[in-house]
2 protein chains.
Amino acid sequence: MTQRKVISFDTIRVACKNCSLSQLCLPMGLAPEDVERLDSIIKRSRPLHRGDHLFRGGERFRSLYVVKTGSVKTYAPSEEGGEQVLGFHLPGEIIGLDAIDKSCHACSAKVLETSAICEVPFQRFEELAAAIPSLQHQMYRLLSKEIGQDADMLLLLGKKNAEERLAAFLTSMSSRLSKRGLSPTDFYLSMSRHEIGSYLGLAVETVSRLFTRFQEDGLLRVDRKHVEVLNLSALEMMAGAPPSSAHKQRSN
Amino acid sequence: MTQRKVISFDTIRVACKNCSLSQLCLPMGLAPEDVERLDSIIKRSRPLHRGDHLFRGGERFRSLYVVKTGSVKTYAPSEEGGEQVLGFHLPGEIIGLDAIDKSCHACSAKVLETSAICEVPFQRFEELAAAIPSLQHQMYRLLSKEIGQDADMLLLLGKKNAEERLAAFLTSMSSRLSKRGLSPTDFYLSMSRHEIGSYLGLAVETVSRLFTRFQEDGLLRVDRKHVEVLNLSALEMMAGAPPSSAHKQRSN
DNA sequence: ATTGACGCTTGATGCATGTCAACTTGAGTT
DNA sequence: AACTCAAGTTGACATGCATCAAGCGTCAAT
C-alpha cells in the first residue's frame, strides 16, 4: 500500500525530461538543459477528479494547462445551463491559449475523468520563450496548430452531415490516441453522448442513432463508452469525402 | 495625373509608423525604434486585384500577410470546385497563421477587391520577435485572438440558426469596420452572397431570403452589396440571444 | 441594342435532423 | 433486492433549411 502510494505520487510529479509526452508537448525540440529550465517553472498539482474545473469563463488568465493524463473538455457556458463544447483535450495538449489575448478566460475547462495536469504560469513562460528560440518556435507551432484544427472544425460544422461528423470525430480520436501509444481501434470515450453531440453540432439522439447504425453496418462494436473500430478505413473514407450514396445535403 | 500616380504610389508604401492601422496590427505597443526594425523586414508589393491569390493550399509557407487596404477571403478548396470560406479579412488582420505549424499552407487566400498587402517574411519576423519582447507578446496576443474568434465561429455554427448567423455576421462586420474608422451602419460588402453563405454554413438562397426579411422587418436597407443598418441593437440582440419568438431548433 | 454570363431573388418541395416522449439500462444508495 | 437518477436508446412527428427550378437585374463585350 505504501508502495502503491509512492508510485502514484511519483507519477504525478514526473519531470518533463522523463515524460512520455515530451515529443507532443512544449519540450519538443528543446535541448536537455532547456527542458530543465522549462520544467522548473511548471507546477504539478494533485490529480483532479471528474467535474473539477481548471478554470471558468470570466476568470483572470494566469497559466496555460497541459493534460498529462486523463482528459479535459473546454466549453462555452451559456445562460440557462446550455453549453457548447469547444474541444476535448488529450495528454500533451495545451489548454487556455484563447485567453492570452484578453488576459481573461472566455471559456471553461472541466476534467472528464481523473486527470493529472501541468500548470504553466504564462508570464514566466513568456520570459523563458524569449530566451530559448526553439521554445518560442514550438509555442508558435502549437498556437498555429490550434488555429489549423479550428479551421478543420469550421469545415466540419459548415459542410458535413451528421454521419460524416461522427465518422470524423471517431477517426480523429483514433489517430490522436494512437499517437499516444494507445490502440487506434479499441478505446474508451471519456465524454458523454450529449457532449459529443454538442461538440459536433448534433442532438444527442442523432449521435445515439448513428452509433447504432455504425454498429449495424459493421463499422464499430459499441458498448457504452467502449468503442471497437472494426473498419477504420471505411470510417476515414466517410469522414473525408462526401457520402458516396445518393443524398448530399449541405453541399453549399 | 503625375500627381495622382505619386500619391497612390506613396499610399502603397506607407511605413508602419505612418500607418493608421498600427494600433490594430503587429506594431501595437512597440517603441518607435522597434517599429522601424519591424518595418525594415516588411515587403510591400503593388496592389493586388480581385481574384488574385496571396497563396494557395499546398504551397510552402514563407510569409504572413497583413491586409493594409481592401479585403481578403481565406477558404479551403475541396475537390469538385466546392469551397468552404474560412474567414474574411479586413485591414490590419493577419493571414496565414495556420500555416506556421506545418510550414505549408492548408488553405488558400484570395483578395476580394483591389487590395494592398504587407508581406512579413516569417523567419526574419521570428528572429525579430525574439529580440523585442513586446513584439513577441503582441504576436502571442494575435495568435490567441484568432483562436478565440474561431471558438466564436464554432459556437455560431454549432448552435445558432440561420437568422442568428446572419445577424452575427452583420454585427461583426459593423463593429470591425467601425474600429477602422468607417461607418458601423453604412457599408459595402466585398463578398458575394454565395461566399457569405459558405462562411455561415448556409445556402445562398437562405442568405438571400434573410436579407430580404431583415429589410422587410426594418432592420436593414439593402441594395446589392450596399448595406445600411437601421436597427443595430435589434441585430445585436438577434445575434446574441436565442430568437425571442416561438421556435428554437438546435438548442442542443 | 444584343447577347451572354453571372449573381441574386423568389417560390415549391423534400429531407435530414431536431424535438418530444416513452422506455431501457446501468451505477450508486439504502 | 428495491429504489433512484442520469445516461442512453428508440420511435413518432415536426420543421428549418437545402435543393431544385425559374425568372430577373446588372455588367461587360460585342
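To find a chain, count down the sequence lines: A is the first, B the second, and so on, and within it residues start at 1.
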- Item | Residue pair His105(A), Asp98(A): steps toward the side-chain hydrogen bond (donor to acceptor under 3.5 Å, both in side chains) verdict | CA-CA 7 Å; His105(A) 289 285; Asp98(A) 60 318; 5.2 Å; no
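- Between Tyr199(A) and Phe169(A), the two ring planes are perpendicular [angle over 60°; tilted spans 30° to 60°].
- Computed from coordinates, the Asp223(B) CG to dC8(C) C1' distance equals 12 Å when rounded to whole Å.
- Taking atom CG of Leu166(B) as the reference point, atom P of dC8(C) lies 13 Å away to the nearest angstrom.
- The distance from atom CG of Asn161(A) to atom C1' of dC17(D) is 15 Å, rounded to the nearest whole Å.
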- side-chain hydrogen bond (donor to acceptor under 3.5 Å, both in side chains) between Glu236(B) and Thr171(B), intermediate numbers included: CA-CA 6 Å; Glu236(B) 283 163 347; Thr171(B) 53; over 6 Å; no
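- The nearest whole Å value for the distance from the NZ atom in Lys160(B) to the P atom in dG16(D) is 18 Å.
- Taking atom NE2 on His226(A) and atom P on dG26(C), their separation rounds to 15 Å, with Å as the unit.
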- Query: Base, backbone or nothing for each nucleotide of nucleotides 6-12 of chain D, written B, S, -, heavy atoms under 4.0 angstrom, 5' to 3'?
  - Reply: --SBBBB
- When Watson-Crick pairs (N1 to N3 and N6-O4 or O6-N4) and G-U wobble pairs (N1-O2 and O6-N3) count only below 3.5 Å on both distances, what is the dot-bracket string of DNA chain D, with | for other-strand pairs? ||||||||||||||||||||||||||||||
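- Rounded to whole Å, atom C1' of dA16(C) lies 11 Å from atom CG of Leu210(A).
- A heavy-atom distance below 4.5 Å is found between the side chains of Leu112(A) and Phe88(A).
- Ser115(B) and Thr69(B) are not linked by any side-chain donor-acceptor pair at a separation below 3.5 angstrom, with hydrogens and angles left out of the test.
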- Task: Just do the salt bridge (charged side-chain N to carboxylate O under 4.0 Å, His left out) check on Glu93(B) and Lys145(B) with the steps written out, would you?
- Result: CA-CA 11 Å; Glu93(B) 295 174 346; Lys145(B) 188 176 184 181; over 6 Å; no
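- Atom pair Arg213(B):CZ and dC8(C):C1' shows a separation of 18 Å (rounding to whole Å applied).
- Counting heavy atoms from C-beta on, the side chains of Thr114(B) and Leu48(B) never come closer than 4.5 Å.
- Summarising the geometry, the separation between CG on Leu112(B) and P on dG7(C) is reported as 13 Å, rounded to the nearest angstrom.
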- Message: Run Leu220(B) and Leu170(B) through side-chain contact (heavy atoms from CB on, under 4.5 Å) and show every step you take.
- Response: CA-CA 10 Å; Leu220(B) 304 176; Leu170(B) 289 169; 3.8 Å; yes
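- Side chains of Lys73(A) and His89(A) form no contact here, defined as non-hydrogen atoms less than 4.5 Å apart.
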